[in-house]
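Each chain gets a letter, A, B and so on, in the order the sequences are listed, and its residues count up from 1.
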There are 2 protein chains.
Amino acid sequence: MTRAANEAAKAQRPARKEAEDVPIELGELSELIGYTLKRAQLKIFEDFLRCMAPLQLTPAQFSVLLLLDRNPGRNQTEIASTLGILRPNFVAMLDGLESRDLCARIRSVNDRRSHHLVLTDKGKAVLARAKKLVAAKHEARLNDLLGADNRAALVAMLAKIADEF
Amino acid sequence: MTRAANEAAKAQRPARKEAEDVPIELGELSELIGYTLKRAQLKIFEDFLRCMAPLQLTPAQFSVLLLLDRNPGRNQTEIASTLGILRPNFVAMLDGLESRDLCARIRSVNDRRSHHLVLTDKGKAVLARAKKLVAAKHEARLNDLLGADNRAALVAMLAKIADEF
DNA sequence: CTATTTTGATATGGTCCATAACAATTATCA
DNA sequence: TGATAATTGTTATGGACCATATCAAAATAG
């Protein structure tokens with residue numbers, strides 16, 4: 001997100017002649033897909049965190065809870081890989097969720113190397129509340145800004161980029 | 001929990017007993033704007049780096065060169081803030097570009113605290129080549145995938161999110 | 001002139017992301 | 001069967017980014 005962006009633009013230019021605050025020109029930057037994508041992504045994540053503040057869930061944590069709910073009993077390698085998280089980095093993430101009693105690692109009897117991952121009752125309750133917050137505050141706000149049709153088209157194009165690019 | 005464990009054991013695949021590799025369900029994840037945005041952004045940046053490999057420019061470095069070209073003589077505070085980069089972090093970034101002789105810090109005579117930032121001749125040449133690579137390989141590929149109209153609509157919506165969300 | 005602000009810079013810490021390596025366990029196959 | 005290879009979760013580690021506090025030099029305000 002553009003943090004302290006707007007504030008510091010002044011001074012410099014013609015010493016003390018006339019304070020003609022010449023704005024900086026973005027040029028072709030504003031047409032670059034990478035530039036706009038990154039800025040939009042930061043804004044969306046920022047808003048997500050704000051909406052989710054009462055539940056203290058990051059986007060990544062929320063996505064893990066969603067996957068565990070839909071796919072109970074899968075192991076860490078499976079969940080991590082479908083989210084693009086590397087297995088080593090997934091360990092600490094799961095530790096955090098498990099220490100908050102949102103999910104649990106259950107030793108498999110078939111394969112004693114792996115853990116079956118499941119949501120706890122508290123995890124299910126938190127996820128339910130999180131879903132409502134996301135729908136009512138986060139996604140609804142995007143609908144207000146773009147309209148339902150445009151929002152759907154946007155998501156479809158982004159998914160196409162993610163999958164086929 | 002035991003119920004979940006039973007389901008989990010059932011859902012687990014011995015992988016060669018009955019080779020049914022049950023795919024993991026994404027569920028509502030695929031409709032979340034944050035999820036699709038992030039994945040698309042990673043793909044786009046990945047492709048950008050690949051296209052720019054011969055010039056060894058990251059998206060952030062490319063955006064700095066673009067800004068310096070359009071706005072020669074601005075100081076570090078101005079360039080960094082318009083890109084959402086914090087001044088402390090911009091120092092090392094400029095060091096990198098300057099050590100490669102792509103830009104230069106020129107001490108201001110009006111204000112001896114600040115530097116006028118300018119592209120070197122080599123910087124201008126590299127930027128020109130970079131622009132061509134981005135247009136011919138990177139952005140063109142997006143046009144092929146989405147079509148020119150959709151691509152423009154996508155960028156417009158992303159810009160709207162970045163600016164008005 | 002004194003006090004405050006601004007600029008570039010350093011130091012530092014946090015969060016991700018990526019790789020190597022390891023013990024325990026399981027799978028392969030000669 | 002038994003030796004070898006592969007897999008799972010894990011630790012350790014390093015790099016890339018991001019954010020805050022702080023500083024000296026210089027400029028500005030009062």
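- For A:R105, the listed nucleotide lying nearest its side chain is D:dT10; candidates were C:dA9, C:dT7, D:dT10.
- By the side-chain contact (heavy atoms from CB on, under 4.5 Å) test, B:R107 pairs with B:H115, sequence neighbours left out.
- Considering only side-chain atoms of B:H115, the nucleotide from C:dT19, C:dA9, D:dT8 that sits closest is C:dA9.
- Taking side-chain N and O atoms only, B:K38 has a distance below 4.0 Å to OP1 or OP2 of C:dC17.
- Annotation: A:Q56, atom CD; neighbour count of heavy atoms from other residues, nucleotides and ligands within 6.0 Å does not exceed 12.
- At distances below 3.5 Å, not a single donor-acceptor pair connects side-chain atoms of B:S30 with backbone N or O atoms of B:L26.
- Near DNA chain C, defined here as any heavy-atom distance below 4.0 Å, there are no residues from residues 48-56 of chain A.
- Between the side chains of B:H138 and B:D47, a donor-acceptor pair is found at a separation under 3.5 Å.
- When the C1' atom of C:dT6 is taken as reference, atom CG of B:N110 falls 15 Å away, rounded to whole Å.
- Nucleotide D:dT8 holds its C1' atom 13 Å from the CG atom of A:L94, rounded to whole Å.
- The base of C:dT25 is not paired with the side chain of A:R112 by any donor and acceptor separated by under 3.5 Å.
- With C:dT26, C:dA9, C:dT7 as the candidates, the nucleotide lying closest to the side chain of B:Q76 is C:dA9.
- Protein atom CZ of B:R87 is 13 Å distant from nucleotide atom C1' of D:dC18, rounded to whole Å.
- Residue B:R113 places its side chain closer to C:dT6 than to any other of C:dG8, D:dG9, C:dT6.
- Rounded to whole Å, the distance from CD1 on B:I85 to P on C:dA9 is 14 Å.
- Listed pair B:T77 / C:dG8 meets the phosphate criterion, a side-chain N or O lying under 4.0 Å from OP1 or OP2.
- If you measure from atom CZ of B:R107 to atom C1' of D:dA27, you get 13 Å, rounded to the nearest angstrom.
- Helix bend of the helix from C:dC1-D:dG30 to C:dA30-D:dT1: the angle between its two end axes, each built from five pairs, comes to 10° after rounding to 10°.
- Summarising the geometry, the separation between CD on A:E46 and P on D:dC18 is reported as 14 Å, rounded to the nearest angstrom.
- Annotation: of the two residues near DNA chain C, B:N89 and A:P88, the 5′-most nearest-nucleotide partner is B:N89.
- Distance B:L86 CG to D:dA16 P: 18 Å, rounded to the nearest Å.
- In this entry the distance linking NE2 of A:H116 with C1' of D:dT8 reads 12 Å, nearest Å.
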